[in-house]
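Chain A is the first sequence line, chain B the second, and so forth, proteins listed ahead of strands; every chain is numbered from 1.
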2 protein chains.
Amino acid sequence: MINSKIPQATAKRLPIYYRYLGILYNSGKKRISSTELAEAVKVDSATIRRDFSYFGALGKRGYGYDVKSLLDFFKKTLNQDKLTNVALIGVGNLGHALLNYNFHGSNNVRISAAFDIDDRITGTIQSGVPIYPMNEMKEQLVEQQIEVVILTVPSPVAQRVTDELVTAGIRGILNFTPLRVNVQDGVRIQNVDLTNELQTLIYFLNHVDQPQASTK
Amino acid sequence: MINSKIPQATAKRLPIYYRYLGILYNSGKKRISSTELAEAVKVDSATIRRDFSYFGALGKRGYGYDVKSLLDFFKKTLNQDKLTNVALIGVGNLGHALLNYNFHGSNNVRISAAFDIDDRITGTIQSGVPIYPMNEMKEQLVEQQIEVVILTVPSPVAQRVTDELVTAGIRGILNFTPLRVNVQDGVRIQNVDLTNELQTLIYFLNHVDQPQASTK
DNA sequence: GATATGTTGTGAAATAATGCACTTTATGCT
DNA sequence: AGCATAAAGTGCATTATTTCACAACATATC
Ligand SMILES: NC(=O)c1ccc[n+]([C@@H]2O[C@H](COP(=O)([O-])OP(=O)(O)OC[C@H]3O[C@@H](n4cnc5c(N)ncnc54)[C@H](O)[C@@H]3O)[C@@H](O)[C@H]2O)c1
Ligand SMILES: NC(=O)c1ccc[n+]([C@@H]2O[C@H](COP(=O)([O-])OP(=O)(O)OC[C@H]3O[C@@H](n4cnc5c(N)ncnc54)[C@H](O)[C@@H]3O)[C@@H](O)[C@H]2O)c1
């Protein structure tokens with residue numbers, strides 16, 4: 001629990017920096033300048049320097065940033081130095097894809113349990129992850145000390161399932177349903193709304209005259 | 001091509017309003033106030049009124065907004081009054097889930113063509129969508145007048161495939177790969193980075209003391 | 001050691017987004 | 001018809017974010 005004065009916009013960019021630093025490190029690069037990094041991650045170099053500066057003086061003037069130590073720093077900051085277990089609720093179309101993918105690569109997040117109501121799949125193991133029935137959810141979440149879940153259930157049941165999750169002590173939900181679920185204070189929702197993303201893209205294509213590249 | 005003075009932040013919220021208005025309309029509701037809408041979509045009521053006001057006076061003082069006409073207005077604004085065909089590149093794990101889902105519901109976006117290199121699946125039809133081999137991509141995109149694609153190929157080939165897409169005249173890419181691809185001016189990229197979303201969520205859980213609810 | 005070079009870290013300006021609080025105006029009730 | 005009420009639309013203050021541009025300083029070169 002360090003400095004919580006980090007702007008939201010900065011916090012959202014940290015994973016992007018982290019990933020690219022990993023790639024740089026693996027390619028054997030020893031140092032990187034904000035300008036070079038800017039090119040790769042499509043964020044203005046001044047923004048990068050400002051972002052980094054919230055965490056102190058991470059670079060050396062006239063030299064740039066040391067890839068290894070910057071990588072280590074962000075690994076710690078993003079809690080990627082220890083494994084975080086998350087659960088997946090709803091192993092359907094999308095849930096199955098996420099389960100299969102399971103954030104492999106240079107990552108320290110793992111789906112370690114999945115839940116569903118469909119008794120044709122509960123009790124089985126998919127991609128190494130056991131699928132439990134819903135009536136075991138609370139028990140398993142508590143036992144496995146899981147605080148973060150990925151929600152991929154049909155939207156009509158999303159609020160009901162969310163309520164159960166909250167009573168099970170969950171603190172964060174990555175919500176793929178289009179429903180804006182209600183939760184008490186202290187529970188964080190991160191919405192991923194794919195239909196929105198597509199509609200927004202189409203909107204910009206039809207309404208922005210001055211062509212602009214990337215977003216987010 | 002109307003007024004392009006709409007703030008980005010507002011534009012990103014339009015699909016959220018649109019979807020909720022559809023739900024309201026289907027439930028038979030005739031009118032809605034900004035306060036009531038705010039509750040459902042988790043956006044401050046003043047922000048909603050401001051957002052709407054960029055498009056003119058859409059409501060009636062003392063009454064609220066007429067659900068039907070607001071819905072119609074946003075349908076037009078979001079180009080949901082006509083069908084938009086999009087293509088999917090890379091029918092793997094994630095691509096398959098999206099193909100299967102195909103944005104059904106009250107939506108006017110359809111994946112009408114898919115592409116892959118794997119000759120075990122090219123030539124087949126999945127969820128009603130034909131999967132073409134990559135050497136037919138340019139031809140098909142031009143012929144079907146597709147301007148928007150969903151990119152779900154492995155990240156090592158993402159830049160190469162993107163270059164092909166650009167030469168095929170694509171104007172928008174919904175990019176699910178973690179790579180920040182390079183495109184010329186005039187092509188819009190909307191990045192959806194699921195690993196980022198999860199890492200950001202975990203970051204906030206560990207670093208924000210004052211509990212705050214929703215995001216985005 | 002002195003000088004040239006490159007790149008950070010940051011003050012300050014510019015831009016963007018939010019939200020308060022008030023004015024205005026339509027509606028519904030008596 | 002008149003009055004009370006509700007809620008939109010908006011000026012403005014506040015807050016957040018980005019970007020410019022430069023002084024400060026580390027490193028490399030001679
Ligand atoms: N599939 C996509 O590509 C896609 C894209 C955008 C949004 N979404 C959203 O993601 C969510 C899931 O979509 P999907 O296509 O995977 O749906 P799906 O129907 O394929 O899968 C839903 C899964 O949830 C399970 N389930 C149903 N009720 C449950 C309950 N009460 N408790 C636990 N599990 C329950 C079902 O058994 C099923 O396995 C939906 O809200 C959808 O709108 C999906
Ligand atoms: N699956 C997920 O849940 C998930 C989550 C986050 C990010 N992603 C990202 O989405 C992308 C796709 O992930 P995935 O899990 O579906 O991968 P995948 O390997 O299952 O699917 C990739 C598909 O692309 C095809 N392909 C390979 N090279 C191609 C080429 N040159 N041209 C056209 N098609 C080609 C493959 O044949 C395969 O069908 C990756 O970049 C991944 O990082 C996936």
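Here B/Asp44 does not pair with B/Arg50 in a salt bridge; the nearest charged N to carboxylate O distance is not below 4.0 Å. Comment: B/Lys76 does not engage B/Asp72 in a salt bridge, judged by the lack of any side-chain N to carboxylate O separation of less than 4.0 angstrom. A salt bridge links B/Arg13 and B/Asp51; the closest N-O separation between the charged side-chain nitrogens and carboxylate oxygens is under 4.0 Å. Classification of B/Glu147 and B/Arg188 as a salt-bridged pair fails, no side-chain N sitting under 4.0 Å from a carboxylate O.
Between the side chain of A/Arg50 and the base of D/dT19, a donor-acceptor pair under 3.5 Å is found.
Among the atoms of the strands shown, none is found under 4.0 Å from any heavy atom of A/Ser45. B/Thr35 comes within 4.0 angstrom of nothing in the nucleic acid, heavy atoms only. Residue B/Phe52 is out of contact with every strand shown, counting any heavy-atom pair closer than 4.0 Å.
In this structure, the nucleotide among D/dG9, D/dA7, D/dT17 sitting nearest to the side chain of B/Ser33 is D/dA7. When each of D/dA21, C/dA17, D/dT17 is scored by its nearest atom to the side-chain atoms of A/Arg49, the top-ranked nucleotide is D/dA21. Nearest nucleotide to the side chain of B/Ser53, out of C/dG9, D/dT17, D/dG9: D/dG9. With C/dG19, C/dT7, C/dA17 as the candidates, the nucleotide lying closest to the side chain of B/Thr47 is C/dG19. Considering only side-chain atoms of A/Asp44, the nucleotide from C/dC20, D/dC20, C/dG9 that sits closest is D/dC20.
Rounded to whole angstrom, the span from the CD atom of B/Gln8 across to the P atom of C/dT15 amounts to 16 Å. For the pair A/Ile6 CD1 and D/dA16 C1', the interatomic distance rounds to 14 Å; values are reported in whole Å. If you measure from atom CD of A/Glu36 to atom P of C/dT8, you get 10 Å, rounded to the nearest angstrom. Rounded to whole angstrom, the span from the NZ atom of A/Lys5 across to the P atom of D/dT15 amounts to 13 Å. In this structure, CG of A/Asp51 is placed 16 Å from P of D/dA16, rounded to the nearest angstrom. Atom pair B/Leu70:CG and D/dA8:P shows a separation of 11 Å (rounding to whole Å applied). For B/Lys12 and C/dA16, the NZ to P distance is 14 Å, given to the nearest whole Å. Across the protein-nucleic acid pair, A/Leu58 atom CG and C/dT10 atom C1' stand 14 Å apart, rounded to whole Å.
Considering only side-chain N and O atoms, B/Ser34 lies nowhere under 4.0 angstrom from the phosphate OP1 or OP2 of D/dA7. Phosphate proximity of D/dT10 to B/Tyr54: absent, as no side-chain N or O sits under 4.0 Å from OP1 or OP2.
Partner of B/Phe74 under the ring-ring contact (aromatic ring centres under 6.0 Å, His included) criterion, out of B/Phe52, B/Tyr20, B/Tyr18: B/Phe52 alone.
In this structure, A/Arg31 forms a cation-pi arrangement with A/Tyr63, its terminal cationic atom sitting closer than 6.0 Å to the ring centre and no more than 45° off the ring axis.
Using modelled atom types, one finds no donor on one side chain facing an acceptor on the other under 3.5 Å when comparing A/Asn196 with B/Lys12.
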Between the protein and nucleotides 23-30 of chain C, which nitrogen or oxygen pairs come in under 3.5 angstrom?
residue: C/dT24; atom: O2; partner: B/Arg61; partner atom: NH1; Å: 3.0
residue: C/dA26; atom: O4'; partner: B/Arg61; partner atom: O; Å: 3.2

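Taking the six-membered ring where the residue is Trp, the centroids of A/His104 and A/Tyr101 are separated by under 6.0 Å.
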